[in-house]
Amino acid sequence: MPLAIALILIVVLSVLFQVFTPWWSTPVASNWGHIDDTLVITGLITGVVFIAVNIFIAVAIIRYRHREGHKADYQPENKKLEWTLIGLTTLGIVGMLAPGLFVYSEFVDVPEEADHFEVVGQQWQWSFRFPGEDGVLGHADNRFITPDNPFGLKPDDPNGADDRLVLSNEVHLPLNRPVKVLMRSKDVLHDFYVPQFRAKMDLVPGTVSYFWFTPTRPGQFEILCAELCGVGHYNMRGKVVVETERAYREWMAGLPTFAKLQEGTTLTDSSDLSFEELVEQGRQLSQAQGCIGCHSLDGSPTPGPTWLNLYGKQEELADGSSVLVDDGYLREAIVNPNSQIVKGFAPMMPPYPFTDVQLDATVAFIKSLSDKAPNQEGDTQ
Amino acid sequence: MAHLLSEDSQLVKDWASDQDAFKGVSWGKAMMWIFLLSDTFIFSSFLVGYMTVRMSVTEPWPNASEVFALTIAGHHIPLILIAIMTFILITSSGTMAMAVNMGYARKRKQAARLMFVTALLGASFVGMQAFEWTKLIEEGVRPWGNPFGAAQFGSTFFMVTGFHGLHVSAGVIYLLIVARKIQLGHYEKEGNYQIVEIAGLYWHFVDLVWVFIFAFFYLW
Amino acid sequence: MNEPQSFWTKYVWSQDHKVIAVQYSITAIVAGIVALVLSVLMRMQLGFPDSVPFMDSEAYYQAMTLHGMIMVIYLLTALFLGGFGNYMIPLMVGARDMVFPYLNMLSYWFYLLSVIVLMASFFVPGGPTGAGWTLYPPQAILTGTPGTDWGIITMLISLAIFIVAATMGGLNYVTTVLQARCRGMTLMRMPLTVWGIFVATIMALLAFPALFVSAVMMLFDKLLGTSFFMPAVVSMGQALDYDGGSPVLFQHLFWFFGHPEVYIVALPAFGIVSDLISVHARKNIFGFRMMVWAIVFIGVLSFVVWAHHMYVSGMNPYFGFFFAITTLVIAVPTAIKVYNWVLTLWRGDIHLTVPMLYAIAFISTFVIGGLTGLFLGNVIVDIPLSDTYFVVAHFHMVMGVSPILVIFGAIYHWYPKITGRMLNDTIGKTHFWITFIGTYAIYFPMHYLGILGMPRRYYAYENYEFIPQSAHDLNSFISAMAIVVAVAQVLYIYNLFWSYWKGKEAGPNPWGATSLEWQTPQTPPVHGNWGEKLPEVHRWAYDYSVPGYDEDFVPQTQPQPEDRPAGEMA
Amino acid sequence: MSTSNALGQESQEHNTQEHPIGLYLKIWVLLFVLSTLSYMVDYMQLQGYLRWTLIIIFMLLKAGLIVAVFMHMMWERLALIYAILLPPLCLLVLIGLMAIEADYTILMRYDFFGR
Ligand code: HEA
Ligand code: HEA
Ligand code: CUA
Ligand SMILES: [Cu+2]
């Protein structure tokens, strides 16, 4: 008897929960509102079954619980009843599946006019690539990746020269334009997931996956990684900014092309530069290399320690010791980050095989963010 | 087809009967069949892995016919070693079938002798495989790469033939043990030589797998 | 038959299926408790971040991986097949033992070895693997994931050993069911418990090979540098020597095993629960034939639905159509089972004994878990939900709660046969209520976190704008409930011990059940089970409340009266 | 394994698989011929669909002979034959789908990584 009450309570409470829940899908920001509709249809059909089965059990318990002298019926089977139920179930299934498959066929069928861009994943950051004026992405493969060519573009492919590269985890998209997302990974599986867009897909090294959507709401949306990719998985963040066509064009114009990036990577010898110039180089470099995806410049919490006031501070390490943050420490932390782990952080920073010049610039940039840094007379060594 | 499922077809009767579903099949033999079914899935999974990997690599696949060619007495003969190995294994299947027959005919001595021959042929198969491995390794084929093309050629080769080779080696030992026991008359009391047939099932299965490996790995 | 004498031959190196069953069960439960503790540690971190000092993200992923793996393979599979399969099959089909007792014993020792190797991975350098129980490459063997040096190797080796053990046991179970039944025991007179375990074992024999092969191939990738699953990658700025392999191939092989695997742990539960319901409702199971065919169809179909775990894996997207259809088709035979369970209750004489409580709770939790499976099977609905807490809620309801409830009920039901004593009802009921209500409280709200978009396998959810504070609070609530439920399991364990010495004497057939295991000459049954003469079966296992009999049950061994044709059911 | 009998494998009438030696010899010869033929496919350097068809035909014939005669399948009762031959059918689904999948992968690779 308490069990019957419990079952009825479960039904009542679940229905109430469903009606009043504050935890529901984030408002949709793409054309995939249909996905929400299929979810609701499925929810309705299964909800009815859930309620029916539980109530049926509760009633059975109440009516047929054991009483003295009561005996159960003997009824091995009832073919007609069973086939009726099978028929009803099949109906229910078709009711869910048919709209589902219909929407899915839209999902896999990319419209002709869709633009495309590429998402590249690596432990634990995002980067992006847009086709240049020619509208074609150059061939790219992990085999071609070098420090100067972080996307692994095929060097002799003419289509690649004008490709625009985004070496940070923030990407912009124009409003109301269908776009095909091509996905590729440098190391392990990742999954490009923006809850508001509904769609998601794994990034698989060694092949390219895709999906398409149309952003329908301007704003900033968080990119999450939805496939376990190691210790930093939960912190593999990014940002999509959906904006007007014009703002998007402007943003795009500011992106370096592959050809330009290749020319520009050779920094001039640091001894010829003023400290300010060096800091500027470092700023660009850390934007381009994606450092600021994990290190904030203003003290806000991010996967890695903030760079604000980092220089000159006494850093506590995971092994309990502490160390003064100076030039040497910073250089070591960049080239070989896992040799000393900062307390409270996961060993998730990839090593960056920077040249001396690049290190000088980055360290200068970090220094410029600290008020504890020695006066800025440009002594980098 | 319809008569197969009718009430009194042998199939339905067997499945609907009490005590045993496979009439007249001993426990050991039933179990061996089920084991072989499971083993089929193992080898099939290996071969599916091989197929997928081979179809999806961009490097060219080495030409097996050339890689496994031998130069004998000045003649360059493609795949010759594999052909010989195939013939040996088939021969051993033949002798094994004879042994089973002798077992049922209660010809104890002959059965044991034929099983020894089978085991010997099996051992020589393994020996030739060892030779083939050595040759390839000398030519620079490694699990992680080879001079002829796609690295997966070496990986699948060592994996698939290695696994088959293990099966053959296990079979040789199994045959030797059973043959020895027969020679010593262990099964005389019960007068039941099904054990030979069971060993035979396993041995023929190993041959069967080779048929597929021969076709898909060497000839394809 | 000469009885084995010494303690060692009787309880340790025993070839008696009943002793092996108990060995299997105890080992599995101990492993399960380890996994339970790991789940509590995980929940602590999720609900109350940073409350467990050593729980950094590495430790979290290691705990999560081992939790999932132990629960699915080393607890459920081993307990249902090795534990219940071993105990029940020979008794229920009227055999003296498994057909090859020595092999059966080896099976247990290999299983124990696999558990030891698994537990050893906690202590190897680098700790156990943290790649998720699905062990997807490349991350499973590349730096950046915990346990990529020794952890993954011990894990793969342990799995391989487990597969050997499961194969040795499985061959025995299948052969015993097919070839060693007693006189009169046709397949259609076997209790559904045997049917469930039988079909699950066949599936195990056919599905584990795919796991074995993928484990071998991954070991080669790791140890020999082959590239089966490894394309060219640049890991942590380092270009590796791998080239040309396909990570998606691993996923296909894994799920070709993995999906049947989830039914391997579900079908025995289906079978057992059918018997519990029938016995305690004093009524024949409704639509027995349909139940048997449903089990068989589910078994067959589960080999062609595997890629529903891969809708967002980057596989050929057109596969979605095929797999969505096959997946939802499985709901039909499963629905039949649910209907027949509830229709068995209808017009029954429902004794709300403790096993019955667990059994009914199973139906409720299984239905909600199965229905959420339909969301995930319907490919387009899966796309937003995949890899979120919705999936976690789905599989815990359907696998983490419902079969576990069946295990509790089944142990309660058969404990008197195994030990000769009843379990304590008060403790049993207390445990039941906490577990049943508690697990609902844990997993029902969890679905909504998934719909909200919270991804699974996240160590922490700091500073995500789309996650409101209320969701964090809900997470804390879930954790609190999880801890309560986990602690309540002590009651059950305590009951197992206490009743072994102090429980009420049970007698041979305390529940008034018809199937053969209750008709043994001794309780607990001795070696050889049946004394001088094997039993002879005259009817199906569900003759409850048959009109014209005084008792409300007729044992399978009781001959049919002259005037009645040989039973309603074959 | 001998304990199995002690535990009572009660009344098992064994069907004996005794068949004329001549049949075995014929199959044996046939297997040799088929193997030679498939070897010739390679030796003659046949290519394309002809090669693949011939390989498959000879392979299936050989496999069939081994299973049917050497493994005595053709004399077993239908219950056993079906129990063993039906389950591998689901492997065909795996093989077919994996072939499609591999094809898809290589296309993607050519498209995006270049040749
Ligand atoms: C015991 C284990 C078990 C069982 C029985 C099931 C049963 C089902 N599962 Fe589940 N599943 C898992 C264990 C299980 N699952 C696990 C462990 C995972 C996660 C693995 C991981 O990634 O770690 C998973 C994940 C999983 C996914 C992948 C999700 C993702 O990762 O994106 C999918 C997708 O299709 C799925 C579907 C289903 C379906 C359709 C069923 C069906 O069989 C359910 C059928 C039952 C019913 C439908 C209820 C009864 C029916 C009725 C009462 C009548 C209904 C009537 C109408 C609808 C009209 N499951
Ligand atoms: C049978 C399977 C099973 C069971 C019982 C459980 C039980 C529990 N699980 Fe687990 N879980 C999995 C299988 C299971 N889980 C799997 C496969 C994963 C995926 C791993 C991965 O992603 O790789 C997972 C992942 C997983 C996650 C997600 C982690 C993440 O994605 O980051 C969480 C989080 O809350 C969780 C929590 C719990 C809790 C709180 C319990 C319980 O504590 C719930 C309450 C307790 C009970 C219902 C009693 C259980 C009793 C026993 C275990 C044995 C004792 C037996 C006897 C006494 C006879 N589990
Ligand atoms: Cu990248 Cu998870
Ligand atoms: Cu599944």
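Just the heavy atoms: all of them, side chains too, but no hydrogens, waters or symmetry mates, feed the values below.
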Start with the C-alpha gap between C:Met64 and A:Leu228, add the side-chain angles, then the distance that decides, and say whether side chain to side chain contact (heavy atoms under 4.5 Å, CB included) holds. CA-CA 11 Å; C:Met64 180 192 84; A:Leu228 179 58; 3.9 Å; yes
Check step by step if side chain to side chain contact (heavy atoms under 4.5 Å, CB included) holds for C:Phe444 and A:Leu13. CA-CA 10 Å; C:Phe444 188 84; A:Leu13 290 177; over 6 Å; no
Given side chain to side chain contact (heavy atoms under 4.5 Å, CB included), test A:Leu101 with C:Ile325 step by step and report yes or no. CA-CA 9 Å; A:Leu101 291 184; C:Ile325 293 171; 3.9 Å; yes
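Figure legend: cation-pi geometry between A:Arg237 and C:Tyr464, with NZ or CZ positioned under 6.0 Å from the six-membered ring centre and within 45° of its axis.
By a heavy-atom distance cut of under 4.5 Å, C:Asn340, C:Val342, C:Leu343, C:Leu345, C:Trp346, C:Arg347 are the residues of residues 340-347 of chain C near chain A, going up by number.
Neither the backbone nor the side chain of C:Ser246 has a heavy atom closer than 4.5 Å to any heavy atom of chain A.
In terms of the side chain to side chain contact (heavy atoms under 4.5 Å, CB included) criterion, residue partners of A:Phe144 (sequence neighbours excluded) are, by chain and number, A:Asp141, A:Asn149, A:Lys154, A:Pro155. Residues that satisfy the side-chain hydrogen bond (donor to acceptor under 3.5 Å, both in side chains) test with C:Tyr448, not counting sequence neighbours, are A:Gln18. Looking at residues two or more places apart in sequence or on another chain, you find no ring-ring contact (aromatic ring centres under 6.0 Å, His included) involving A:His190.
Counting only distance, with no hydrogens or angles, the side chain of A:Glu77 and the backbone of C:Phe288 share no donor-acceptor pair below 3.5 Å. A distance-only check finds a donor-acceptor pair linking the side chain of C:Asn378 to the backbone of A:Met96 [under 3.5 Å]. No donor-acceptor pair closer than 3.5 Å links the side chain of C:Glu465 to the backbone N or O of A:Glu222. Between the side chain of C:Gln139 and the backbone N or O of A:Leu189, at least one donor-acceptor pair lies under 3.5 Å. Judged by distance alone, the side chain of A:Lys200 and the main-chain N or O of C:Ile383 form a donor-acceptor pair under 3.5 Å.
Classified by interplanar angle (parallel below 30°, tilted 30° to 60°, perpendicular above 60°), the ring pair A:Tyr234/C:Tyr61 is tilted.
For the residue pair A:Asp187/C:Ser235, the side-chain donor-acceptor check at 3.5 Å is not satisfied. If you check the side chains of A:Ser14 and C:Tyr440, you find no donor sitting under 3.5 Å from an acceptor. For the residue pair C:Asp543/A:Tyr74, the side-chain donor-acceptor check at 3.5 Å is satisfied.
Side-chain contact between A:Thr38 and C:Phe375 is absent, with no heavy-atom pair separated by less than 4.5 Å.
Checking A:Lys71, A:His70, A:His66 one by one against C:Asp349, the side-chain hydrogen bond (donor to acceptor under 3.5 Å, both in side chains) holds for a single residue, A:His66.
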